[in-house]
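Below is one structure, written out as structure tokens; the observations come after it.
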Amino acid sequence: MQDLRTAGCEFSRGYLRGTCSPLPCRGPDPFNPPGGPMDPSHEYVRLSRTGLCACGSAHGDDEQCLAGQPANADDALAGAMAQGMLHGLFPERSLRRAFVKTLGRAGALAALTTLTPLTQLAAVAQERNSKGAPEKKRLAVGFLPITCATPLIYAEQLGLFPREGLELSLQKIAGIALIRDKMVNGELDISQQVMPVALAMSAGIGGAPIPARVMTVLNQNGNSLVLAMKHKDNRDPKNWKGFRFAVPFEQSHQMLQLRHYLASAGLDADRDVSYRVVPPSEYVSNLRVGNIDGFFGGEPGGQRAVYEGAGFIHLVSSEIWPEHPCCSVTATEAWIKAHPNSFMAAYRAIIAASLHVSEPANRVGMAKILAQPQYLNQPETVVDQVLTGKYADGLGKVKSLPRRIDFQPFPHYSSAVWLLTQMRRWNMIKEDLDYKGLARQVMLATDAKRLIEERGGKAPELGFRKETILGKSFDSDRPADYLKSLGKA
Amino acid sequence: MQGAISTSRSWLATLAIGLLLLAIWQALASTGGGSAPVELSDYDKLMGKSPGVSVERSAIPTPIDVFKRAGELFADPFRRNGENDLGIAWHLLDSLRRVFSGYALAVLVGVPLGFLLGLVPWLGQALNPFIQLLRPVSPMAWMPLALYTLKDSGASAIFIIFICSIWPILINTLYSTASVRQDWTNVGRVIGLTPLERARKIVFPAAVPMILTGMRISIGIAWLVIVAAEMVVGQSGIGFFVWNEWNNLQISSIIVAIVMIGVVGLVLDQLLGALMKHLSFRE
């Protein structure tokens, strides 16, 4: 305390004020912080991250000591990250202190490093503020031949990867599981993926946990629930017992939305209907030959089914969950750590592409580009109806829905929490877990926000907002309450 | 003279039957048409209808549609518009590459192994039950195992070709080696050839025609199987092409591909046939 005073800091109502040379001191009084002892929101980290403030070295005995006397900015950063992690691991101050005391500074750092390669994380953190040479120039990026891939296709069309010093090898992949496997075995670097897969991989559903991150969301809405023509007079889901639906993947928002929709109509989503996992490009052919009664999938599958006379659009996905995220750009944590500079360069390129295509003025001629054989390989009018939202519904009506698809890149925590609660609801997740924590870990919202704003785009505040699903409000801040209301937990 | 007349007569008949089949196809495929209204509603436009034409979409295409599609596909067969849009020739070459890799492997393993088993009858009999057990297994049944162990879709396809083409080669080599006429090997004994020389100078040449028969059967099977294998794996090849066009409901392309697969299979068979003719002998 003496040291702080002599360094020029003053205490005022629990906060540090004044100037301790050479930088201004900000944040709560470390000895008597406002939110109780060691309030996790305090600004310790920020103080020591500067590495220059004289107060940083004064606190001494517990996790602060991990910061040590930083020799340079890099060291300070590593120290700050170690502290952040320590807080996550030991919320109790006494435990933190005991941990550091027992092991000593070097020992504690080493112990933390075995949990996560801190040096790598630190490298990532530094890269977020600077532009280094990419570790890998030629990135293999997978995409599915659906309209969700528009930002990736435009990243290629506009040459946004070369602008960041990268080469883009865009690879058309048939299905979701194939993409996941190719990402895990290293054939793909980053890839389009339905958003819940990164959550499922990180939570270890269907195998050992493989931590993955969602860099951006590729699109909102842009899915439809399509039924075969023979069901055109059977529009009430209550009567859909025995139906067989195609979905792109078990842990996909398509599956989760469909189950939610059926359950809300009073069906037993586990027993009354069956599901088949089918690659998006095979929906229409399966519908046509009667293998399935309907499908929930990304466009232009639904519109193509209408165009072929094989089915009709029962509803578009935004009627269930307005502005829901569909596909995302996903990378595994291991890949990000190994290629922090390539990662950031690709991140910037994809954000730029997303912002470009979400601008309505830039949609002129988009259908023509997307419809080409190397991308979606579809009739142009089919793609155009998805993009403009003026479409034939398959039952003789022309509908208009300007926001049938959008391409806002920001990854919301709230959507991740809803999807996780649904995975818990249908027992894909066997035990309750820290839904908000996992959402925060997987969705790189902070980085996306910074990059969007750097390019002059608008990003919402970070936080757990409310979603509206089937007309009901969902508070992503309270996932446990929601699960309880579903009779789960 | 008589022969020439009957040949030209059968050619004429072939041509006539072909034309007749095309005519029936054309007639069947274009029924149910009719003329659509010239004025189209908004909805019809969105459904991709054009004024005055009322062809049921994705009905079976007419021969004319197929010829048109063939013209499009072969206009630029070596097109390479990025990795995701390859011309049809690239698909064909990819399939041929896979077939030849797997087939060459099968010949390299099957002929020596069959020869050995034919020369050592007890060993041949010992392995016979295994051969008989594995031979009738559909090659595609191996696919999941191949994918799981090789962890590479291209290598798996080649393995499938290998496993399906090895049996005829192996069995034909085995039996032809084992059944070389006793008289001939006896002659070898009489003139004092060592067993190795007998195998090389008498048994192998005598077995060649039947080995080639096995190889000819195998290449046919390999070409049959590659299409199925590529429908399951791979992002290229003629099988992938067919499946991809089916998912896109491009029936004309599929018919073009079927004809092409037939022609290539015929050419492969004839090549082996010519080789057989060249190497066969009269007893």
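Model, not experiment: these values are computed from the prediction. Reminder, nothing fancy here: chain letters follow the sequence lines and each chain counts from 1.
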With a 4.5 Å cut-off on side-chain heavy atoms, are Y43(B) and L395(A) touching?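 No - every pair of side-chain heavy atoms lies 4.5 Å or more apart.
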
Atom group of [X] that falls short of 4.5 Å from chain B, counting heavy atoms:
X       : value
V278(A) : neither
Y391(A) : backbone
L178(A) : neither
E282(A) : both
K399(A) : neither
P373(A) : both
D393(A) : both

Backbone of L249(B) reached by a side-chain donor or acceptor of E308(A) within 3.5 Å: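 Side chain of E308(A) to backbone of L249(B): no pair is present.
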
Is N248(B) reaching over with its side chain to a backbone N or O of N377(A), donor-acceptor style, under 3.5 angstrom?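 Looks like yes, one N/O pair under 3.5 Å.
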
Evaluate the criterion side chain to side chain donor-acceptor pair (under 3.5 Å) for residue pair S281(A) and N247(B); output intermediate values, then yes/no. CA-CA 6 Å; S281(A) 50; N247(B) 282 324; 4.7 Å; no

After noting the C-alpha distance and the side-chain angles of D42(B) and K390(A), does the key distance pass the side-chain contact (heavy atoms from CB on, under 4.5 Å) rule? CA-CA 10 Å; D42(B) 249 11; K390(A) 187 190 171 206; 3.1 Å; yes

Taking atom CD1 of I24(B) as the centre, report whether more than 12 heavy atoms of other residues, nucleotides or ligands fall under 6.0 Å from it.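 Yes, the 6.0 Å shell around CD1 holds more than 12 heavy atoms from other groups.
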
As an exercise, state the distance from NZ of K45(B) to OG1 of T381(A), rounded to the nearest 0.5 Å.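 It is 11.0 Å, given to the nearest 0.5 Å.
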
